[in-house]
S.K.: 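Supplied in structure tokens, the structure appears directly below.
Predicted model only: the values in this text are computed from it and were never measured. The sequence lines fix the lettering, A, B, ..., with proteins before strands; numbering per chain opens at 1.
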Amino acid sequence: MARVLITVRLSPEADLHSAMRELGLEEDEVDTGYGLVPIDPQQGLYAMRVTESAGMRMSGSPAADAHSDPPIEPFGPPR
Amino acid sequence: MRVLVQLRPSPDLVAAVATPGASLTAADVAEGLPGVVLDRTFAPVAVPRPLPAHPGGDPLSLNQPLLFSLAPGEASVVVRGEIADDEISSRVSLLPATRRDVIAVYADPAIETTLTCGGDRPVGDWHDVARLLRVDDLAAEGLDGSGVALAVVDTGINAAHVASVTGRDVIVDRERSWSPSGVSGDPGDFAVDHGTMCAFDTLIAAPRASLVDIPVLLSRRQGATTLDGLLSDAIAAYAHLRGVLEAQPASSRSLVISNSWGSFSPRWDFPPGNPGNYSDNPAHPFNLMVGSLAEAGADILFAAGNCGHECSDGRCAYPDRPIAGANSHPRALSVAGVDTQGERVGYSSQGPGRLSVRKPDISAFTHFAGSGAFGADEPDSGTSAACPVAAGLVAAVRTRWPSSTLSASQLRTLLRRTADDRSHVGYDYDYGYGVVDAAGIIAALRRRAAKAA
């Protein structure tokens, strides 16, 4: 299932389950293997990967922002 | 950038330039051109004026019978010089306005060299690179990477392969290594591939560094057929590396992060200006992570990319300015590639960068026979090899200079300031500030140590 990268603002001691509760996300909408990744924990900024439909639903929320998640590839050998 | 400046000086000067055996210099004709460093070894050349061969011909057309006049009132003169890359557009438009004798400014592209391209044979080998990096001198200063964590963010490392080629033990820090979810395998024991090449190349200058294996490019996205990952995997990797850094005592903190990867195409990105964009947006979460790690003391190096004008990788899809996203981050070093002859390889991406204009920062060696990760006869190539070569040099410096005594910012400045300048006027978009120069770094560190004593 396609995933989108979002950043969310939560309390500094948030974990994945508290984030899902606070954001109204079901387990099958979240890439739990990826988890809740701290970007700037002091500011309460975290990253998550969620399904496209969850991302769309949250896109109007002031607590969440969608970001591009492009593929990254090795720079060599030149083809 | 090298340029040719066409001028129409006084008829007397034109006549003197056009006279065979004349000994006029560029300064006699064009002294004081603002922003132009004249090449004083290049004698001014008289250029004839094309005139219609028949009365009534169009004076502006070159598509008709022509006569060429070297008469002093009609001919012009060309001199050679150089304009800083980041001033080129303003200087080219301002020069004819500020000097009435300037007619035009033209590019003067190099025509004498054939640059190394992908698929070409190796140029030298890794022992040449070790010599160019003055590895013996570094070791004599105690700068061999001992105790320095050197993260290779790539496809995973095969330590046994690296050890078999170098003939030395390889230190893999398994405790501090990390894999994205879904990636199986043990640190230092991944298949021989791109990451093994990068690890090998870091160890040329820092043979005793502790490799931290971060195989983010093994995280396959759905439907992908090539070796790649997602930028979100790199975000998670950097969150892990921030923990590695913060767990170190502040007084001896050192973490070098080598990144020989990037995004080839804007296809999967939001457009510039969109708040979620990556390529041009310092507020993208990965770019924030790079900035925060650098601020905390990590030395972060990115390959500039393989989208150089002369022989670009076929995957390059940015219409211009291919050094994008974190590869152009102001708090990271963007590394261009030169061969062991010191010539830029034709695939090495040129600036300006997207997040920061002055990219690449520096150049390092690539396209040499090294790890053999892609076959015994295949070179370690791409800016993929140049980046870890430079990262190894940084790790060597960190052996005795942790970030508490030489901040990441100071070390970036040191590398730029000591680089062997490849142009006449400092910074340029091909080589950055120049080719890394270990001798200059050692000398600067000695001066710094003497001052601190």
S.K.: Identify which part of B/Pro266 has an atom lying under 4.5 Å from any heavy atom of chain A, answering side chain, backbone, both or neither.
M.R.: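 Answer is neither: B/Pro266 stays 4.5 Å or more from chain A.
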S.K.: Could you walk me through whether B/Phe264 and B/Cys307 pass the side-chain contact (heavy atoms from CB on, under 4.5 Å) test, one step at a time?
M.R.: CA-CA 8 Å; B/Phe264 277 97; B/Cys307 302; 4.3 Å; yes
S.K.: Is A/Ile39 close to chain B through its backbone or its side chain, or both, or neither, when contacts mean heavy atoms under 4.5 Å?
M.R.: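 For A/Ile39, heavy atoms of backbone and side chain both lie under 4.5 Å from chain B.
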S.K.: Can you tell me which portion of A/Asp65 sits under 4.5 Å from chain B's heavy atoms? Options are side chain, backbone, both or neither.
M.R.: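 No part of A/Asp65 comes within 4.5 Å of chain B.
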S.K.: Using non-hydrogen atoms and a 4.5 Å limit, figure out which bit of B/Asn274 sits close to chain A: side chain, backbone, both or neither.
M.R.: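 Neither part.
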S.K.: Can you tell which part of A/Ile6 gets under 4.5 Å to a heavy atom of chain B, answering side chain, backbone, both or neither?
M.R.: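 No part of it gets close to chain B.
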S.K.: Side chains of B/Gln350 and B/Arg344, heavy atoms from C-beta outward: is any pair under 4.5 Å?
M.R.: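 In short, these two side chains touch, coming nearer than 4.5 Å.
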S.K.: Side chain, backbone, both or neither: which part of B/Ala385 has a heavy atom under 4.5 Å from chain A?
M.R.: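 Looking at B/Ala385, nothing touches chain A.
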S.K.: Against chain A, work out which of B/Met197, B/Glu378, B/His367, B/Arg242 has the most heavy-atom pairs shorter than 4.5 Å and name it.
M.R.: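 Option with the top pair count is B/Arg242.
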S.K.: So which of B/Ser263, B/Gly118, B/Pro285, B/Ser181 has the biggest tally of heavy-atom pairs under 4.5 Å with chain A?
M.R.: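 Result: the option with the highest number of such pairs is B/Pro285.
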S.K.: Contact between B/Ser292 and A/Asp40 at the side-chain level, heavy atoms closer than 4.5 Å - yes or no?
M.R.: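 Result no, sub-4.5 Å side-chain heavy-atom pair not found.
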S.K.: Could you have a look at A/Pro41, A/Gly33, A/Pro77, A/Ala47 and say which one has the most heavy-atom pairs with chain B under 4.5 angstrom?
M.R.: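 Going by pairs under 4.5 Å, I would pick A/Pro77.
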S.K.: Does the side chain of A/Arg49 reach to within under 4.5 Å of the side chain of A/Thr32, using non-hydrogen atoms?
M.R.: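 In short, these two side chains do not touch, never coming nearer than 4.5 Å.
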S.K.: Parallel, tilted or perpendicular: which one describes the rings of B/Phe286 and B/Trp261, with boundaries at 30° and 60°?
M.R.: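 B/Phe286 vs B/Trp261 ring planes: tilted.
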S.K.: Where does B/Asn277 contact chain A at under 4.5 Å (heavy atoms): side chain, backbone, both or neither?
M.R.: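 Answer is backbone: N, CA, C or O of B/Asn277 sit under 4.5 Å from chain A.
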S.K.: Flag the one option from B/Ala239, B/Ser279, B/Ser232, B/Cys311 with the top tally of heavy-atom pairs under 4.5 Å to chain A.
M.R.: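 Counting heavy-atom pairs under 4.5 Å, the top option is B/Ser232.
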S.K.: Considering only heavy atoms, which portion of B/Arg267 lies under 4.5 Å from any heavy atom of chain A: side chain, backbone, both, or neither?
M.R.: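 For B/Arg267, there is no contact with chain A at all, as no heavy atom is under 4.5 Å.
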S.K.: Test B/Trp268 against B/Tyr278 for side-chain contact (heavy atoms from CB on, under 4.5 Å), laying out the working first.
M.R.: CA-CA 10 Å; B/Trp268 301 97; B/Tyr278 167 61; over 6 Å; no
S.K.: Could you give me the CA-CA distance, side-chain angles and deciding distance for B/Ser258 and B/Phe302, then say whether side-chain contact (heavy atoms from CB on, under 4.5 Å) is met?
M.R.: CA-CA 6 Å; B/Ser258 183; B/Phe302 273 89; over 6 Å; no
S.K.: Rounded to the nearest 0.5 Å, how far apart are CG of B/Leu231 and CG of B/Asn287?
M.R.: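 These two atoms lie 7.5 Å from each other.
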S.K.: Roughly how far, to the nearest 0.5 Å, is NE2 of B/His240 from CD1 of B/Ile214?
M.R.: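 It comes to 4.5 Å.
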S.K.: Side chain, backbone, both or neither: which part of B/Phe270 has a heavy atom under 4.5 Å from chain A?
M.R.: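 For B/Phe270, the contact with chain A is made by backbone and side chain together.
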S.K.: Relative to chain A, which segment of B/Ile235 carries a heavy atom at a distance below 4.5 Å: side chain, backbone, both, or neither?
M.R.: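 Contact with chain A is through both the backbone and side chain of B/Ile235.
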S.K.: Measure distances from B/Ser260 to the heavy atoms of chain A and classify the residue's part below 4.5 Å as side chain, backbone, both or neither.
M.R.: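 Interface part for B/Ser260: backbone (N, CA, C, O).
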S.K.: I'd like to know if the side chain of B/Asp361 pairs up with that of B/Ser334 as donor and acceptor (distance under 3.5 Å, no hydrogens or angles considered).
M.R.: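 Side-chain D/A pair, B/Asp361 to B/Ser334: absent.
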